[in-house]
There are 2 protein chains.
Amino acid sequence: MNNITIVVAEASYLIQKGLEAVLKNLGDNQVVQKMDKAEGLFESLSTLKPNILILNPDLFEGNTELIKKCCAKLKACKLVIISNKKGDEGKYDEDALLHYNDGQSKILACLEGVKDELDRKQKVERSDEPISAREKNILKHIALGLTNKEIADKLFISIHTVVTHRKNITQKLGIKSVSGLTVYAILNNLIAMDEVK
Amino acid sequence: MNNITIVVAEASYLIQKGLEAVLKNLGDNQVVQKMDKAEGLFESLSTLKPNILILNPDLFEGNTELIKKCCAKLKACKLVIISNKKGDEGKYDEDALLHYNDGQSKILACLEGVKDELDRKQKVERSDEPISAREKNILKHIALGLTNKEIADKLFISIHTVVTHRKNITQKLGIKSVSGLTVYAILNNLIAMDEVK
DNA sequence: GCTGCAATACCAATATGTTGGTATTTATAT
DNA sequence: ATATAAATACCAACATATTGGTATTGCAGC
């Protein structure tokens with residue numbers, strides 16, 4: 001999984017923040033710069049070399065030449081258009097065209113699509129790394145609030161084994177905090193909230 | 001500072017997410033529900049009893065009677081209007097009126113104002129709280145998976161202070177394990193499951 | 001039969017959390 | 001004005017978790 005860098009050029013603060021929040025949840029992304037006017041955009045693209053540029057054409061007052069100039073500036077950069085106006089359909093790549101009023105599914109589908117495209121280009125293969133049945137059981141006990149020693153005693157194994165399982169679990173899931181593991185266990189029906197001590 | 005619960009009723013997913021992000025940074029808030037249509041709103045207000053309702057009038061297609069009905073439903077609830085249209089000025093309380101295109105300063109000033117107003121109101125009525133507001137905030141960060149040191153750095157306090165708060169929290173609540181504290185935080189709307197890392 | 005994975009066990013170094021103290025400052029309530 | 005509570009800070013001893021190793025066994029698939 002490569003880290004994807006993103007520049008957001010959008011006047012509305014709430015839209016900026018919304019995009020940032022959505023992108024953060026979408027994976028290993030990073031919004032490296034937010035701008036609310038066109039000045040300095042070209043310079044930012046040159047220095048930051050982002051993988052994605054999310055741009056509101058209003059910043060250029062609709063001047064499509066400038067937008068094309070943006071694209072030309074960077075090969076590995078995917079352009080996403082975010083607009084508050086009707087009637088932009090057809091002017092831009094529909095796969096990467098968002099509107100202020102779009103709902104969750106549209107937004108997520110678009111951004112995930114763009115991200116997948118980039119992932120494919122970068123030949124980043126993401127393999128699902130499921131945890132084994134034994135590891136699930138260990139995780140369950142972690143999420144229930146037991147210590148390594150308590151788990152070892154309950155399962156009649158050495159504490160070293162528990163530590164090893166725990167190591168593998170955190171590595172496979174990419175979750176290192178106990179609270180994160182707890183939420184994972186809840187969401188994957190390994191435990192119920194009322195079982196936790 | 002009590003925990004403030006918020007319902008966001010807004011069709012645009014990005015605006016939803018943007019508001020959520022801004023509110024999260026504003027302090028001890030929690031967006032307890034987001035909705036993108038008017039159905040179920042009254043029910044949510046009744047059951048969740050939020051402190052703030054952020055509403056886009058477009059959900060009611062401009063029917064101001066329904067909006068007033070919202071207000072009437074809850075005394076301790078402050079209404080914030082979020083709109084994508086020009087010409088709403090004067091129709092609503094200007095202190096609590098936002099537009100899609102507003103910049104950072106306007107947005108923050110408005111939401112901080114609303115929050116301060118609520119804080120002042122609530123200062124009187126809090127009494128039977130098991131843990132203090134500060135402790136709630138610490139607990140929130142514990143449940144999010146931060147270490148004591150990370151919490152100390154984020155809140156600009158010593159790690160000793162965090163340890164002390166943590167001691168008091170576990171004693172007051174009688175919950176020792178991190179997973180237990182995490183579940184408590186989820187059940188008490190201090191965090192949402194998808195915030196945990 | 002070889003390969004790879006899962007489960008088991010162990011070690012050592014380091015990091016982080018726990019517990020039981022003390023103590024100061026500020027704000028609020030009686 | 002004074003008692004109380006909350007937030008802050010610190011210490012020391014101890015407990016527990018994390019990380020990066022190594023190693024053995026058994027089992028399933030090729």
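Naming: A, B, ... by sequence-line order, numbering from 1 per chain.
The distance from atom CD of B/E150 to atom P of C/dA15 is 14 Å, rounded to the nearest whole Å. Taking atom CD1 of residue B/I151 and atom C1' of nucleotide C/dG17, one finds them 11 Å apart after rounding to whole Å. Spacing between atom CD of A/E135 and atom P of C/dT8 amounts to 10 Å, rounded to whole angstrom units. One can place NE2 of A/H141 at 15 Å from P of C/dA7, the figure rounded to the nearest angstrom. The separation between B/L139 atom CG and C/dG17 atom C1' is 15 Å, rounded to whole Å. The interatomic distance linking B/L155 (CG) with D/dA9 (P) rounds to 11 Å, in whole Å. Between the P atom of D/dT18 and the CD1 atom of A/I159 lies a distance of 11 Å, rounded to the nearest Å. In this structure, the NZ atom of B/K149 is 17 Å from the C1' atom of D/dT18, given to the nearest Å.
Shown here for B/L59 and B/D36, the closest heavy-atom pair between the two residues is CD2-O, 3.5 Å. The minimum heavy-atom distance linking A/L181 with A/A143 is given by the pair O-CB, 4.4 Å.
Closest approach to the B/H160 side chain among C/dC11, D/dC10, D/dA17 is made by D/dC10 (side chain taken as heavy atoms from C-beta onward).
When each of B/V183, B/I186, B/V178 is checked for a side chain to side chain contact (heavy atoms under 4.5 Å, CB included) with A/T182, only B/V183 meets the rule.
A heavy-atom distance below 4.5 Å is found between the side chains of B/Y13 and A/L108. In this structure the side chain of B/L41 reaches within 4.5 angstrom of the side chain of B/V7, judged on heavy atoms.
Take B/E20 and apply the side chain to side chain contact (heavy atoms under 4.5 Å, CB included) test, not counting sequence neighbours, and it matches B/K17, B/V31, B/K34.
B/T147 has no side-chain polar atom (N or O) that falls below the 4.0 Å cut-off from OP1 or OP2 of C/dA15. For A/N148 and D/dA17, the shortest distance from a side-chain N or O to OP1 or OP2 is below 4.0 Å.
The stretch residues 161-179 of chain B comes close to DNA chain D through B/T161, B/T164, B/H165, each having a heavy atom under 4.0 Å from the strand.
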Can I get a per-line list of side-chain donor-acceptor pairs under 3.5 Å for residues 154-161 of chain B, giving both atom names and the distance, sequence neighbours left out?
residue	atom	partner	partner atom	Å
B/S158	OG	B/H160	N	2.9

